Amino acid sequence: MTDTPQQTSHPVPPEERTWWKESVVYQIYPRSFADSDGDGIGDIPGIIERLDHVADLGVDVIWLNPVYESPQRDNGYDISDYRSIHHEYGTMADWEELLAQVHDRDMRLVMDLVVNHTSVDHEWFQRSRRGDPEYEDYYIWREGDGDGPPNNWESFFGGSAWTYDEERGEYYLHLYDESQPDLNWRNPAVRRDIFDTMEWWLEKGIDGFRMDVINLLSKAPGLPDGDPDSEWVGAEHFVDGPRILDYLEAMDEQVLSNYDILTVGEMPQLTVERAREYAGEDGPLDMAFHFQHTKLDYDGQKRWSVGDWDLPELKEIARRWHDGLDDEGWNALYWENHDQPRVVSRYGDPEAYRRESATLLGTYILTRSGTPYVYQGQELGMTNAQWEDRESLADVDARRTARELLDSEQYDTFEEIADIVGYRSRDNARTPMQWDDSEHAGFTEGDPWLQVNTNYEQVNVADAREGDSVTKYYQSLIDLRNEYDAFVYGTYSDLHPHHERLAAYTQTLEHPDGRVSERMLSVLNFSDKTATVDLSTTIEDADLLLSNYDRDTIGPTRDHEPYEARIYRLE
């Protein structure tokens, strides 16, 4: 690994800069980050105790998963009170101290916004099910169709998207778990209450929102049946619905535009064309998460399956999004989050080349234009865990899928489905953070709420402070990104889009008159075999800036070792 150059190169003038474009975001899943009181559940004081680890990486923003009051049926994404802190995570005073500590370290704090649905325990829903005139229209209620639900829409977690409520005598819509009823955004009172809540948090000093499934707010009038053969039945009537832009533009006009903040929307089934509407130059949001690159290892369109993936398809997705949002939007770059299994176990090699593939995958998101997101433990090269039985799973989606598979005639034992369910479960991203090689990986002095990955003695923060670790490489990547504007504002160009093993791309920054200010080259071998790419026709002088192998200098056309990543500055 070579040292990052010390010179500063900032050809982009101050008036064209945007802080959230230049930021690296670190995502914290509170339940699994650090436990301060020994109850086995991560909490806000635990985050404060471990905050220097995050700051030392060099990141600029922390995205905090939900810490609001919740019965925790979906680990906090079922909110029962938007303006209070769940007791297992601490108090509002603890949260205020966290915000102060984050700001003291010159970082910013982005909160999760979950407003497509609430918990059934929320006061709004309780009053709505009782028919309280003020709240009866806060959710989407319908009478059944004969002896069944109002339409054939499905929950993302499987089964009908409708549940019959005995007290109200009607069905309510829930696109996710039955404990998460969808809010009725057609009701202006709902929008007013949500906007007031957002403003309440912004006035407390937060620096933005990550918006959960935000493109599902608008449902088609009449709630018609969906295509029964589609991947998510009914999606054509609630993904990017008819009034979604109206709702988001009102949110921007009444709340977001009054603050200098970061906004990113999680958007299922998002296309480049729709992304330009949501997060284009005049769009209501700054950027959006899409999922196209996270589905490469599906077998067909089946989420609960494991298939082969190929590099040219990944590169085509990257090209399509970079080209599609060029000058009209901004990319959000990520591999992992609380819903995605560990990327080293998916697109790398968790055994023979864990460090090499973890650092290569980090290089891929930190050397392209867009705002990179790093999920807790990704900077360690954490891997998927091993799940011995259905009882060891906490993910409601994985447990339901395991139950359905075992209830079918196709499988008899969990062992037969462990490879599928274990590979895809969201629990892989939620195993406790691995701080050291002590019991429970230093996460807690009690019994952890979810099993610790068995490799914690070899993969942990304490060990990463020594030697040539994944964490140190991430620090070097972030330092390099801060040195060169081309990584942030440059134009992306794929030099060999059809190469089966290597990704070779440039990031070029130009002056308005067309003169090149900076041109960076990244060459990454996404395989466990030695690979070569011919760059002689496009590359002349190249200075090696960083590699995940021990290199002083080597040309870009020389053989690349398994999962080797190299970054060059071109003259």
Side-chain angles (χ1 to χ4, degrees), residues 231 268-272 275 289-325 331-337 339-370 372 378 381 383-384 419-420 422-424 428-429 492-507 521-535 538 548-549 556-557 559-567:
E231 179 184 1
Q269 301 187 7
L270 185 67
T271 64
V272 174
F289 291 127
H290 72 85
F291 295 91
Q292 292 175 12
H293 64 300
T294 69
K295 299 180 179 181
L296 290 175
D297 57 352
Y298 285 18
D299 184 4
Q301 295 296 313
K302 299 176 182 177
R303 185 163 60 99
W304 290 99
S305 64
V306 181
D308 294 328
W309 71 280
D310 65 73
L311 182 59
E313 187 177 357
L314 173 64
K315 292 188 284 189
E316 168 56 22
I317 292 170
R319 182 209 60 77
R320 183 165 65 246
W321 280 86
H322 280 283
D323 291 355
L325 295 182
N331 267 300
L333 306 173
Y334 74 99
W335 282 122
E336 297 181 4
N337 59 38
D339 287 333
Q340 297 294 331
R342 294 293 183 177
V343 67
V344 175
S345 296
R346 300 178 70 183
Y347 300 152
D349 185 333
E351 301 296 335
Y353 295 102
R354 185 191 61 83
R355 179 201 166 274
E356 291 80 5
S357 60
T359 50
L360 172 135
L361 292 161
T363 305
Y364 195 59
I365 63 166
L366 282 157
T367 57
R368 293 184 290 138
S369 50
Q378 183 179 332
T383 65
N384 282 358
D419 286 347
I420 298 173
Y423 180 92
R424 195 64 69 192
N428 288 302
Y492 168 86
S493 179
D494 189 342
L495 304 183
H496 283 269
H498 303 296
H499 200 296
E500 295 287 343
R501 294 181 181 174
L502 283 165
Y505 54 90
T506 56
Q507 287 280 143
L521 167 69
S522 300
V523 188
L524 287 70
N525 180 7
F526 276 80
S527 76
D528 60 359
K529 305 289 191 301
T530 300
T532 304
V533 63
D534 183 7
L535 298 168
T538 54
N548 61 352
Y549 276 68
T557 60
D559 285 351
H560 289 70
E561 297 301 317
Y563 294 102
E564 182 173 4
R566 300 182 203 158
I567 307 169

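This chain uses plain numbering: 1 for the first residue, then up along the sequence. All of these numbers come straight from a predicted model, not from anything done at the bench.
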Once rounded to the nearest 0.5 Å, what's the spacing between atom OG of Ser522 and atom OH of Tyr492? 9.5 Å
Assess the residue pair Phe526 and Tyr563 against the criterion (ring-ring contact (aromatic ring centres under 6.0 Å, His included)); give the C-alpha distance rounded to whole Å, side-chain angles, the decisive distance to 0.1 Å, and a yes or no. CA-CA 5 Å; Phe526 276 80; Tyr563 294 102; 7.8 Å; no
Can you see which heavy atom on Ala429 is nearest to which on Asn337, and at what distance? CB-O, 3.2 Å
With a 4.5 Å cut-off on side-chain heavy atoms, are Trp335 and Gln378 touching? yes
Check for me whether Arg368 meets the cation-pi criterion with Tyr364, that is, NZ or CZ under 6.0 Å from the six-membered ring centre and within 45 degrees of the ring axis. yes
Rounded to the nearest 0.5 Å, what separates atom CZ in Arg342 from atom CZ in Arg354? 11.5 Å
Between Thr532 and Asp559: side-chain donor-acceptor atoms closer than 3.5 Å: yes
Of all heavy-atom pairs linking Leu495 and Leu521, the shortest is CD1-CD1, 3.8 Å
Taking side chain to side chain donor-acceptor pair (under 3.5 Å) as the test, write out the residues that go with Asp534, two or more places apart. Ser536
Closest contact, heavy atoms only, Trp321 versus Ala275: CZ3-CB, 3.6 Å
Donor-acceptor under 3.5 Å (Glu316 side chain, Glu313 main chain): no
Can you find a pair of side-chain heavy atoms, one from Ser369 and one from His322, that are under 4.5 Å apart? yes
Would you confirm whether Arg320, through its side chain, and Val272, through its main-chain N or O, come within 3.5 Å as a donor-acceptor pair? no
Using the salt bridge (charged side-chain N to carboxylate O under 4.0 Å, His left out) criterion, which residues pair with Asp528? Sequence neighbours excluded. none
What residues form a side chain to side chain contact (heavy atoms under 4.5 Å, CB included) with Ala565, not counting sequence neighbours? Leu360, Thr363, Tyr473, Leu524, Asn548
Do side-chain atoms of Asn525 reach the backbone of Ser527 as a donor and acceptor pair under 3.5 angstrom? yes
Quick check on the 6.0 Å ring-centre criterion: do His293 and Tyr334 meet it? yes
Side chain to side chain contact (heavy atoms under 4.5 Å, CB included) with Thr271: which residues, sequence neighbours excluded? Glu273, Arg274
Classify the side-chain pair Asp297/Tyr423 by whether it contains a donor and acceptor separated by less than 3.5 Å. yes
Mind jotting down which residue pairs meet the side-chain hydrogen bond (donor to acceptor under 3.5 Å, both in side chains) criterion with at least one end in residues 494-503? Sequence neighbours excluded, please. none
Side chains of His290 and Ile317 in contact at under 4.5 Å (non-hydrogen atoms): yes
Ser357 side chain to Gly348 backbone, donor-acceptor under 3.5 Å: no
Value for CG (Asn331) from CD1 (Ile365), rounded to nearest 0.5 Å, stands at 12.0 Å
Should the pair Lys315-Asp310 be classified as a salt bridge under the 4.0 Å nitrogen-to-oxygen rule? no
State whether the side chain of Trp304 and the backbone N or O of Arg424 hold a donor-acceptor pair below 3.5 Å, judged by distance alone. no
Determine whether Asp419 and Val306 make a side-chain contact, defined as any pair of heavy atoms from C-beta on separated by less than 4.5 Å. no
Can you check side-chain contact (heavy atoms from CB on, under 4.5 Å) on Lys302 and Lys295, steps first, answer last? CA-CA 9 Å; Lys302 299 176 182 177; Lys295 299 180 179 181; over 6 Å; no
Counting only N and O atoms by type, is there a donor-acceptor contact under 3.5 Å from the side chain of Gln292 to the main-chain atoms of Leu314? no
Aromatic ring pairing Trp309/Tyr347, orientation class (parallel under 30°, perpendicular over 60°, tilted between): tilted
Nearest-0.5 Å distance that lies between atom OG in Ser493 and atom CD in Gln507: 9.5 Å
Looking only at heavy atoms, which two atoms of Ser305 and Asp299 are closest? And how far apart? OG-N, 2.9 Å
First locate atom CG of Leu502, then atom CG of Leu311, and finally report the distance between them rounded to the nearest 0.5 Å. 8.0 Å
Pro341: what forms a side chain to side chain contact (heavy atoms under 4.5 Å, CB included) with it, not counting sequence neighbours? Arg346, Asn384, Asn428
If I take atom CG from residue Asp308 and atom CG from residue Leu296, how far apart are they, to the nearest 0.5 angstrom? 11.5 Å
Show your reasoning for whether side-chain contact (heavy atoms from CB on, under 4.5 Å) applies to Gln340 and Phe291. CA-CA 10 Å; Gln340 297 294 331; Phe291 295 91; 3.9 Å; yes
Side-chain heavy-atom pair Arg566, His560 within 4.5 angstrom cut-off: yes
